[in-house]
Amino acid sequence: MITVHHLNNSRSQRVLWLLEELGLDYTVIRYQRDPETMLAPPSLRAVHPLGKSPVLVDGEHTLAESGAVLEYLVERYDAARRFAPSPGTAEHLRYRYWLHYAEGSAMPPLLLSLVFSRIKQAPMPFFIKPIARGIADKTLRSFVSPQVKLHLDYMESELGGQRWFAGENFSAADVQMSFPVEAAAARAGLGQYPKLQDFLQRIHARPAYQRALEQGGPFGLLT
């Protein structure tokens, strides 16, 4: 039996989604973020030393990192290759690229956007607040926001010539890319990005996506 150690409002929602797409049986063990710090509870460290989610346990195998988990599930359980292009094809190269791009390139500026936005709102002595807010505003304006725009422009253009990120067929790369696109929608807005908006609408309409929400609980990214 596959077990997913699932943290609310986290990347592990993608793992539940792919498991539903694959039609596999699994068990979910839920964890809740600390309501003040929004960090994962210490109990997750009993599962993985970093105390992060997702963690997938499949027999003797314990895997962390959502991209690695998705690759493992496709390689082990998707014999028909419904969710990954055939090796050696141009689509497979794109598939592998987007699996790694999602966390390696897309998420860092979105995470910085969240961190500096929270700094502006954090409680602090009144005489420090103007300085902290000034630094946060300048960093957001001069570096973070331009980086977010750069990546959103890039993702939008890549969806301009094809239906999904790896090509014309849905794949696990789209599952992986869902999190940065969801994060961008929550933190930056997608008003200027019709292709990304359409991508979100299409994945939200997938029955497996909706079943994953039922398994994982309400899903909403931090803003």
Open item on the list: What I'd like to find out is whether the side chain of Ile2 reaches to under 4.5 Å of the side chain of Tyr77, using heavy atoms alone.
Closed with: yes

Task: CD (Gln192) with more than 12 external heavy atoms under 6.0 Å - done: no

- [ ] Measure across Pro85 and Thr89 and return the closest heavy-atom pair with its distance rounded to 0.1 Å.
- [x] CB-OG1, 4.0 Å

TODO: Please answer: with hydrophobic residues joined when any side-chain heavy atoms are less than 4.5 Å apart, are Leu19 and Val47 in the same cluster?
DONE: no

Task: side-chain hydrogen bond (donor to acceptor under 3.5 Å, both in side chains) partners for His204, two or more places apart - done: Glu182, Tyr209

Task: side-chain hydrogen bond (donor to acceptor under 3.5 Å, both in side chains) contacts in which one or both residues fall within residues 158-170, not counting sequence neighbours - done: Arg94-Glu158

Task: Lys195 backbone acceptor or donor facing Glu156 side chain under 3.5 Å - done: yes

Open item on the list: Are Trp17 and Phe83, when compared by the centres of their aromatic rings, separated by less than 6.0 Å?
Closed with: no

Task: Any pair counted as ring-ring contact (aromatic ring centres under 6.0 Å, His included), so long as it reaches residues 29-60, sequence neighbours left out - done: His5-Tyr31

Open item on the list: Tell me if a side-chain donor or acceptor on Gln13 pairs with a main-chain N or O of Gly216 at a distance below 3.5 Å.
Closed with: no

Open item on the list: When you compare the side chain of Leu159 with that of Leu196, does any pair of heavy atoms fall below 4.5 Å?
Closed with: yes

Open item on the list: Going by salt bridge (Lys or Arg N to Asp or Glu O under 4.0 Å), name the residues that satisfy it together with Arg81, two or more places apart in sequence or in a different chain.
Closed with: none

Open item on the list: Give me the atom names and distance for the closest heavy-atom approach of Ala173 to Leu99.
Closed with: CA-CD2, 4.0 Å

Task: Residues forming a salt bridge (Lys or Arg N to Asp or Glu O under 4.0 Å) with Lys149, sequence neighbours excluded - done: Asp153

Open item on the list: Using every non-hydrogen atom in the two residues, find where Ala184 and Leu152 come nearest and quote the distance to one decimal.
Closed with: CB-CD2, 3.5 Å

Open item on the list: Going by the rule side chain to side chain contact (heavy atoms under 4.5 Å, CB included), which residues pair with Asp25 if we only count those two or more places apart in sequence or in a different chain?
Closed with: Met1

Open item on the list: I want to check something: taking the side chain as every heavy atom from C-beta on, are Leu190 and Leu200 in contact at a cut-off of under 4.5 Å?
Closed with: yes

Open item on the list: Between Tyr154 and His151, is the ring pair (Phe, Tyr, Trp, His ring centres under 6.0 Å) condition met? List the steps.
Closed with: CA-CA 5 Å; Tyr154 172 59; His151 284 278; 7.2 Å; no

- [ ] Rounded to the nearest 0.5 Å, what's the gap from OH on Tyr95 to OG on Ser86? Could you check?
- [x] 11.5 Å

Task: Shared hydrophobic cluster, Val148 / Leu112 (ILVMFWY, side-chain heavy atoms < 4.5 Å) - done: yes

Open item on the list: Checking Arg206 now: which residues fulfil side-chain hydrogen bond (donor to acceptor under 3.5 Å, both in side chains) with it, not counting sequence neighbours?
Closed with: Glu21

Pair up each side-chain donor or acceptor in residues 69-76 with any protein partner under 3.5 Å, not counting sequence neighbours, and list the distances.
from	atom 1	to	atom 2	distance (Å)
Tyr72	OH	Asp58	OD2	2.7
Tyr72	OH	Arg76	NH1	2.7

- [ ] For the pair Phe165 and Phe199, name the ring-plane relationship: parallel under 30°, tilted 30 to 60°, perpendicular over 60°.
- [x] perpendicular

- [ ] Evaluate the criterion side chain to side chain contact (heavy atoms under 4.5 Å, CB included) for residue pair Leu110 and Met107; output intermediate values, then yes/no.
- [x] CA-CA 5 Å; Leu110 289 165; Met107 280 307 299; 4.1 Å; yes

TODO: Kindly indicate whether the side chain of Ser10, heavy atoms from C-beta on, has any atom under 4.5 Å from the side chain of Arg33.
DONE: yes

Open item on the list: So, taking the atom named NE2 in His100 and the one named CD in Gln176, what distance separates them when rounded to the nearest 0.5 Å?
Closed with: 9.0 Å

Open item on the list: Taking Ser66's backbone N and O only, do any of them form a donor-acceptor pair with Arg14's side chain (distance below 3.5 Å, no angle check)?
Closed with: no

Task: Verdict with supporting geometry, Leu16 and Val28, side chain to side chain contact (heavy atoms under 4.5 Å, CB included) - done: CA-CA 9 Å; Leu16 303 183; Val28 179; 3.8 Å; yes

Task: Glu65 atom CD, over 12 foreign heavy atoms within 6.0 Å - done: no

Task: side chain to side chain contact (heavy atoms under 4.5 Å, CB included) against Ala106, all qualifying residues, sequence neighbours excluded - done: Tyr101, Pro180

TODO: Please identify each residue that fulfils side-chain hydrogen bond (donor to acceptor under 3.5 Å, both in side chains) with Ser53, with sequence neighbours left out.
DONE: Ser12

Task: CG on Leu18 to CG on Leu24, rounded to 0.5 Å - done: 8.0 Å

Open item on the list: How close do Tyr26 and Gln215 get, counting heavy atoms only, and between which atoms?
Closed with: OH-CG, 3.1 Å

Open item on the list: In this structure, would Val55 and Val15 fall into the same cluster of hydrophobic residues linked by side-chain contacts under 4.5 Å?
Closed with: no

- [ ] Might you point out which heavy atoms bring Leu7 and Pro41 nearest each other, and give the distance in Å?
- [x] CD1-CD, 3.9 Å

Open item on the list: For Asp78 versus Ala84, what's the shortest heavy-atom pair and its separation?
Closed with: OD2-N, 3.9 Å

Open item on the list: Applying salt bridge (Lys or Arg N to Asp or Glu O under 4.0 Å), can you list everything that pairs with Glu20, at least two apart in sequence or on another chain?
Closed with: Arg211

TODO: Would you please name every residue forming a side-chain hydrogen bond (donor to acceptor under 3.5 Å, both in side chains) with Arg45, sequence neighbours left out?
DONE: none

